[in-house]
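A note on names: the letters A, B, ... follow the listed sequences, proteins ahead of strands, and every chain is numbered from 1.
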Amino acid sequence: MEYVEEGPYRFRIARRGTMRVPGLVFASRQLLRDAEKSLRQVVDVATLPGIVDASYAMPDIHWGYGFPIGGVAATDVDDGGVVSPGGVGFDISCGVRLLAADCDRRTLDPVLHSLMDGLGHVVPRGAGPGGVWPVTGRELERILRGGSRYAVEEGHGEERDLRRCEDGGAVSDADAGQVDARARERGLGQVGSLGSGNHFLEVQQVTEVYDEPVAAAFGLAADQVCVMIHCGSRGLGHQICSDHVRMMDKAMARYGITVPDRQLACAPADSPEGRAYLGAMAAAANYGRANRQLLAEAARRVFRREAGARLTLVYDVSHNLAKVETHAVDGVPRRLCVHRKGATRAFPPGHPELPEDLRSVGQPVLIPGTMGTASYVLTGVPGGGAFHSTCHGAGRVMSRHQAARTIGGEQLRARLEEDGVAVRPLSWRGLAEETPEAYKDVTEVVAASEGAGLCRKVARLVPLGVVKG
DNA sequence: ATGTGC
């Protein structure tokens with residue numbers, strides 16, 4: 001793929017052929033090694049009807065279903081712009097929640113192992129069914145509409161939690177009626193579960209603070225213990241994505257839309273198919289949020305019991321979502337359907353949607369790294385490109401199969417324990433697939449994101465204990 | 001990511 005370096009950490013793929021906009025990739029040359037397949041996807045996305053500005057990619061770009069993971073694309077809703085399930089991904093509303101404990105690492109040390117045992121015991125995880133508790137159809141309905149708000153209303157959390165959640169914990173335009181029987185069936189038995197793959201619950205320690213005042217506003221300080229939860233909407237979101245890809249694949253011809261890859265199946269955002277997907281997607285987003293709220297409550301109970309510590313929510317933000325947002329295009333405000341797939345919203349200071357206590361510092365951006373390295377907390381910056389978006393994680397470089405061939409799960413656990421990371425895996429195979437070597441260097445990804453002017457570093461966290469599917 | 005692969 002041909003591209004030109006037009007600024008620091010900024011590469012442009014010129015518009016040509018059926019591309020409606022150029023490609024704009026924020027990365028370093030090093031991060032773009034072996035990115036040929038995903039850059040092809042950046043070009044494919046640039047052909048979508050109604051796309052504005054550019055087909056963007058974040059520094060953690062890698063190959064995904066149709067759209068690259070690490071891709072951001074916005075379409076003009078009032079000018080035939082499309083919505084595409086592939087632009088969100090199978091794990092709708094996959095995201096991260098960070099909680100800060102009122103203790104530091106030294107206080108936790110003597111109880112770390114019993115704490116990890118406790119967390120390992122209460123966190124449902126792995127493929128297939130299994131949640132914190134089974135819910136009825138009526139409760140599921142409320143989860144799909146209410147997200148984290150439902151959980152808090154039921155006593156699983158505090159009102160303050162909702163102020164520290166993207167959208168106050170619930171996407172308002174959820175249409176539970178668009179979530180069909182099969183998706184509901186899968187969702188019923190997985191409420192409050194972690195899942196598998198790269199999802200995790202980690203106990204972490206803040207090792208570095210890059211910006212004291214912002215960290216303080218977020219509730220973070222050096223040496224502080226934190227809990228990071230990374231999970232999504234499980235089988236429910238997966239079912240919704242599959243169903244709507246199929247429906248849009250059939251509907252495209254009727255709208256006269258052709259795409260270079262069937263996996264880019266889409267429909268006008270303002271069409272029956274587009275609205276149906278957006279409504280179902282928002283319901284799945286609420287499911288993912290309720291999921292993280294319930295897991296946070298489980299962690300709170302264990303922390304209280306084992307360490308006498310309290311967990312305060314720093315923030316909860318998704319990195320797989322499409323949202324209708326208003327942004328200026330060529331100086332004119334437009335309603336855009338912003339697809340972020342493996343990309344995190346990063347509102348700058350002063351943004352009206354931020355809660356009052358974060359208004360002056362910007363939105364916390366939560367970047368999960370790998371079990372053996374680090375995770376980061378960033379913040380949005382003024383003038384951040386790509387519709388206020390930044391990276392979402394380290395980004396895979398090895399396939400799951402390849403990763404599992406380089407190391408055994410038991411061997412990896414021994415290595416991590418030696419490095420002071422307590423591990424509570426469900427399966428050895430699952431653990432091996434997530435070996436840190438399978439990922440890009442998250443520090444490099446974060447440096448590129450900051451260097452490209454998408455965000456600013458606030459704190460670095462390292463794992464003390466990992467609960468995995 | 002996923003009751004993991006048409």
Given atom CZ of R182(A) and atom P of dT2(B), what is their separation to the nearest angstrom? 16 Å
Send over the distance from H230(A) NE2 to dT2(B) P, rounded to a whole Å. 10 Å
What residues form a side-chain hydrogen bond (donor to acceptor under 3.5 Å, both in side chains) with Q30(A), not counting sequence neighbours? none
With H199(A), which residues qualify under ring pair (Phe, Tyr, Trp, His ring centres under 6.0 Å), at least two apart? H230(A)
Could you give the CD-to-C1' distance, from E185(A) to dT2(B), as a whole number of Å? 16 Å
Scan side-chain atoms only and decide if R289(A) and S148(A) contain a donor-acceptor pair under the 3.5 Å cut-off. no
Please classify the nucleic acid contact of G197(A) as base, sugar-phosphate, or nothing, using heavy-atom distances under 4.0 Å. sugar-phosphate
Strictly below 4.0 Å, heavy-atom distances to any atom of DNA chain B: list the hits from residues 396-407 of chain A, or just say none. R400(A)
Taken to the nearest whole Å, CG/D249(A) to P/dC6(B) is 16 Å
Name all residues meeting the salt bridge (Lys or Arg N to Asp or Glu O under 4.0 Å) criterion together with R138(A); count only those two or more places apart in sequence or in a different chain, and write none if there are none. none
Find the distance Q190(A):CD to dT2(B):C1' and express it as a whole number of Å. 9 Å
What is the distance, rounded to the nearest whole Å, between atom CG of L194(A) and atom C1' of dT2(B)? 14 Å
Quick note, ring pair (Phe, Tyr, Trp, His ring centres under 6.0 Å) partners involving residues 423-450 of chain A, not counting sequence neighbours, are none
Distance, rounded to the nearest Å, where R246(A) contributes CZ and dC6(B) contributes P: 13 Å
Quick one: is dT4(B) close enough that its OP1 or OP2 comes under 4.0 Å of any side-chain N or O from S196(A)? no
Base, sugar-phosphate, or nothing for G89(A), non-hydrogen atoms under 4.0 angstrom? nothing
Whole angstroms only, please: what is the CZ-P distance between F90(A) and dT2(B)? 12 Å
Write out all pairs satisfying ring pair (Phe, Tyr, Trp, His ring centres under 6.0 Å) with one or both partners inside residues 275-298 of chain A, taking only residues at least two apart or from two chains. H244(A)-Y277(A)
